[in-house]
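One structure is given here, and the rest of the page talks about it.
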Amino acid sequence: MLKRKSTVYMLSKFFVLVLVFLCSACGMPELNPEQQVEVLSSPMLEKYFYDELEAYKSEQGEAQTDTYIVWWQSFASKDLNSLQEIALKENYDILSAYARMKQYAADAGIAESSFFPLITIGASGANNHSESKESSAAQSYSSSSERYRLEGGASYEVDLWGRVRSAYNADALRFAASHNDLQTAVMTISADVAGTWAEVLGNQAELAVLKEQININESLVKLQKVRFSNSLVSSLDVLQQEEVLAASKAELPDLLQKDLELKNSLCILLGKIPGNLPDFKLNAPLPDIKTAPDAGIPIDLLRFRPDIRSAWANVEASHYDLQEAVANRFPKIVLSFAHIFSAGNLSLLLDNWANELLASLSYTLFDAGEKKYQVEKMRARAEEALLAYIKTVAEAIAEVNNTLAQEYSQQEKLSLLEKQYVMAKSATRGALNLYLQGSEDIMRFLTLLQDTQDLERRIARERVNIVQVRINLYRSLGNMYFPQDMVSLLVQKENVHEK
């Protein structure tokens with residue numbers, strides 16, 4: 001009876017000790033709550049990757065309100081919205097970045113487990129049978145024995161120097177950096193989808209202009225042949241116009257090839273095999289972009305750039321790696337406790353027990369400088385991470401400034417080209433009238449016509465460039481959500497119509 005009471009007492013003592021370990025671990029740091037909200041309920045990904053966390057998101061509330069819109073919605077294109085939704089769900093790079101983020105989340109969970117004691121249980125049983133003889137004529141003797149063992153133990157590293165804490169903080173920050181890398185991938189892919197979509201529409205518009213020019217040139221060839229039959233022009237005039245027609249037709253294969261390449265690129269961005277491009281309106285007009293106001297986009301929006309946040313998280317993680325390397329040079333203290341039941345008969349197993357409480361101290365006296373060099377390596381890596389962060393910030397500022405400058409220059413360029421086109425078209429019409437009246441040579445008209453047609457196609461390309469510059473501006477700002485009043489200053493949505 002006393003033995004059973006002692007057994008109960010020691011078991012209760014064992015579980016109390018385990019409970020103390022667990023409570024001490026619960027006081028250790030976890031993922032920052034704000035960081036959890038940002039990662040798990042990120043408005044950037046909406047419902048596409050976090051379906052399993054909808055309950056958590058409903059508790060935290062939505063981060064964005066109706067006064068904010070996704071940047072590509074400012075182009076007022078249902079086709080673009082549909083393409084972006086497909087890309088966010090199926091793009092290979094985004095899914096790969098998400099998989100990497102889950103790996104870093106698992107690493108953070110592995111590091112966090114070191115805050116808790118390692119608890120193990122084990123059981124074993126053995127049966128030993130032997131036979132022996134004293135001589136060849138003697139009778140043999142046999143014996144058998146049984147042995148059973150049941151044990152439970154717990155071990156815990158006392159984190160006096162902050163090694164475990166530093167390792168966890170480094171992995172948690174790398175997880176945060178991977179989340180920002182995922183957002184960077186989303187920003188990059190969404191910009192590439194919008195840019196390729198704009199190029200497809202622009203190329204279709206240029207194809208339409210070229211086909212119209214071919215029709216005009218064919219009509220002029222017919223006109224020249226009629227005038228030649230009436231002896232009003234020479235055969236050279238007919239050949240010159242046929243040469244202009246042939247030059248126009250020669251540019252058609254390049255545009256058709258470019259159209260195929262753009263559509264294949266868009267398929268890859270959407271996570272689809274080339275040839276499976278979703279249907280959308282190829283003849284839809286490009287959005288009419290206004291010049292960005294001088295003070296309309298403050299430079300402090302750079303704080304939204306996920307690549308900057310990722311670079312800074314890597315800086316902090318590298319410093320925690322340095323702290324872990326420093327802590328590794330100090331002694332390591334491990335506490336362990338074991339409660340062992342052992343008996344030769346299974347029915348007596350719980351009546352025979354022993355406790356073992358162990359505190360171990362280990363310290364490396366000589367490692368030929370391995371840990372010292374590890375500290376130097378981590379210190380150099382921290383310096384490299386800091387320099388990478390500074391470079392990222394500098395490049396981001398330059399990117400925003402360059403894009404804002406391009407906004408102005410592209411708008412000015414398009415405005416001047418349109419004025420030039422109006423004058424060239426007027427001059428071409430005048431030269432045609434003089435030619436038909438017989439007071440002007442055909443070459444002057446053909447030269448002006450060629451210049452006018454080139455301008456028309458150049459304007460079509462420049463309109464695509466303006467949309468690309470605006471997309472690059474959104475990408476450089478790094479924020480997928482913008483206030484409605486800001487977007488209304490940036491885009492003339494009343495001039496965008498679906499066809």
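In this text, all values refer to a predicted model and were calculated from it rather than measured experimentally.
Residue-environment remark: CG (Asp279) stays at or below the threshold of 12 foreign heavy atoms within 6.0 Å. Around CG of Leu416, the count of heavy atoms belonging to other residues, nucleotides or ligands within 6.0 Å exceeds 12.
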* Test salt bridge (Lys or Arg N to Asp or Glu O under 4.0 Å) on Glu418 and Arg463 and set out the steps. => CA-CA 11 Å; Glu418 289 174 341; Arg463 285 174 177 161; 3.2 Å; yes
* Asked: Could you go step by step and tell me if Gln410 and Gln468 meet the side-chain hydrogen bond (donor to acceptor under 3.5 Å, both in side chains) rule?
  -> CA-CA 10 Å; Gln410 287 291 335; Gln468 291 279 20; over 6 Å; no
* To do: List the steps and the verdict of side chain to side chain contact (heavy atoms under 4.5 Å, CB included) for His179 and Arg309.
  => CA-CA 10 Å; His179 170 249; Arg309 296 199 302 269; 5.6 Å; no
* CA sep, side-chain torsions, deciding dist, call: Tyr421, Thr452, side chain to side chain contact (heavy atoms under 4.5 Å, CB included) -> CA-CA 6 Å; Tyr421 174 71; Thr452 303; 3.7 Å; yes
* **Ser178 vs Arg100, side chain to side chain contact (heavy atoms under 4.5 Å, CB included): CA-CA, chis, key distance, verdict** => CA-CA 7 Å; Ser178 69; Arg100 285 192 296 271; 5.6 Å; no
* side-chain hydrogen bond (donor to acceptor under 3.5 Å, both in side chains) between Tyr474 and Ser190: does it pass, once the steps are laid out? -> CA-CA 10 Å; Tyr474 285 136; Ser190 62; over 6 Å; no
* To do: List the steps, then state whether side chain to side chain contact (heavy atoms under 4.5 Å, CB included) holds for Leu210 with Ile214.
  => CA-CA 6 Å; Leu210 180 60; Ile214 291 174; 4.2 Å; yes
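Across all their heavy atoms, Pro306 and Gly478 have their closest contact at CD-O, 3.6 Å. The minimum heavy-atom distance between Trp197 and Pro287, with the atom names listed, is CH2-CD, 4.0 Å. The shortest non-hydrogen separation linking Ala317 to Leu173 is N-CD1, 3.7 Å. The nearest pair of heavy atoms linking Cys267 to Gly275 is SG-N, 3.9 Å. A pairwise comparison of heavy atoms in Leu270 and Glu90 identifies O-CB, 3.5 Å as the closest pair.
Of the inter-residue distances, the one linking Leu414 atom CG with Asn465 atom CG reads 9.5 Å to the nearest 0.5 angstrom. Within the model, atoms CD1 of Ile308 and CG of Asn180 stand 10.5 Å from one another, a figure rounded to the nearest 0.5 Å. With values rounded to the nearest 0.5 angstrom, Ser415 atom OG is found 11.5 Å from Gln420 atom CD. Between Lys211 atom NZ and Lys249 atom NZ the span is 13.0 Å, to the nearest 0.5 Å.
Between Phe75 and Trp71, the ring planes lie perpendicular to each other; the angle is over 60°, past the 30° to 60° tilted range.
Counting only distance, with no hydrogens or angles, the side chain of Asp159 and the backbone of Val164 share a donor-acceptor pair below 3.5 Å. Between the Asn402 side chain and the Ala398 main chain, a donor and an acceptor come within less than 3.5 Å of each other. One N or O on the side chain of Ser248 and one on the backbone of Val244 form a donor-acceptor pair closer than 3.5 Å. Ser310 places a side-chain N or O within 3.5 Å of a backbone atom of Ala177 that can act as its donor or acceptor partner. Listed for the Thr196 side chain is no donor-acceptor partner under 3.5 Å among the backbone atoms of Val193. No donor-acceptor distance shorter than 3.5 angstrom exists from the side chain of Asn314 to the backbone of Ala385, with no hydrogens or angles considered. Distance alone, capped at 3.5 Å, is enough to place a donor-acceptor pair between the Asn203 side chain and the Leu255 backbone. Side-chain N or O atoms of Asn217 include one that pairs as donor or acceptor with a backbone N or O of Gln213 at under 3.5 Å. One N or O on the side chain of Thr188 and one on the backbone of Thr184 form a donor-acceptor pair closer than 3.5 Å. The closest donor-acceptor contact from the side chain of Asp171 to the backbone of Tyr168 lies at 3.5 Å or more, if one exists at all.
Listed by chain and residue number, nothing satisfies the ring-ring contact (aromatic ring centres under 6.0 Å, His included) test with Tyr104 (two or more places apart in sequence, or in another chain). When the side chain to side chain contact (heavy atoms under 4.5 Å, CB included) test is applied to Ala105, the partners found at least two apart in sequence or on another chain are Phe175. Applying the ring-ring contact (aromatic ring centres under 6.0 Å, His included) test to Tyr92 and every residue at least two apart in sequence or in another chain returns nothing. Shown here are the side chain to side chain contact (heavy atoms under 4.5 Å, CB included) partners of Ile333, two or more places apart in sequence or in another chain: Val158, Leu160, Leu361. For Lys413, the salt bridge (charged side-chain N to carboxylate O under 4.0 Å, His left out) partners at least two apart in sequence or on another chain are Glu462. Take Leu282 and apply the side chain to side chain contact (heavy atoms under 4.5 Å, CB included) test, not counting sequence neighbours, and it matches Val200, Gln204, Lys263, Phe280. Partners of Ser82 by side chain to side chain contact (heavy atoms under 4.5 Å, CB included), not counting sequence neighbours, listed by chain and number: Ile86. Here Glu151 pairs with Arg149 under the salt bridge (charged side-chain N to carboxylate O under 4.0 Å, His left out) rule; sequence neighbours left out.
The existence of a salt bridge linking Arg305 and Glu399 is confirmed by a sub-4.0 Å separation between a basic side-chain nitrogen and an acidic carboxylate oxygen.
Side chains of Gln411 and Glu407: a donor-acceptor N/O pair is absent below 3.5 angstrom, by distance only.
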Side-chain donor-acceptor distances from residues 319-327 under 3.5 Å, at least two apart:
residue: His319; atom: ND1; partner: Val315; partner atom: O; Å: 2.9
residue: Asp321; atom: OD1; partner: Arg174; partner atom: NH2; Å: 3.1
residue: Asp321; atom: OD2; partner: Arg174; partner atom: NH1; Å: 2.7
residue: Gln323; atom: OE1; partner: Ser166; partner atom: OG; Å: 3.4

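When each of Asp288, Asn472, Leu286, Leu201 is tested with Val467 by the rule side chain to side chain contact (heavy atoms under 4.5 Å, CB included), just one qualifies, namely Leu286.
Applying the salt bridge (charged side-chain N to carboxylate O under 4.0 Å, His left out) rule to pairs touching residues 176-193 yields Asp192-Arg475, sequence neighbours excluded. Residue pairs meeting the ring-ring contact (aromatic ring centres under 6.0 Å, His included) criterion with at least one partner in residues 368-407, sequence neighbours excluded, are Trp312-Tyr389. Residue pairs meeting the salt bridge (charged side-chain N to carboxylate O under 4.0 Å, His left out) criterion with at least one member in residues 365-384: none, sequence neighbours excluded.
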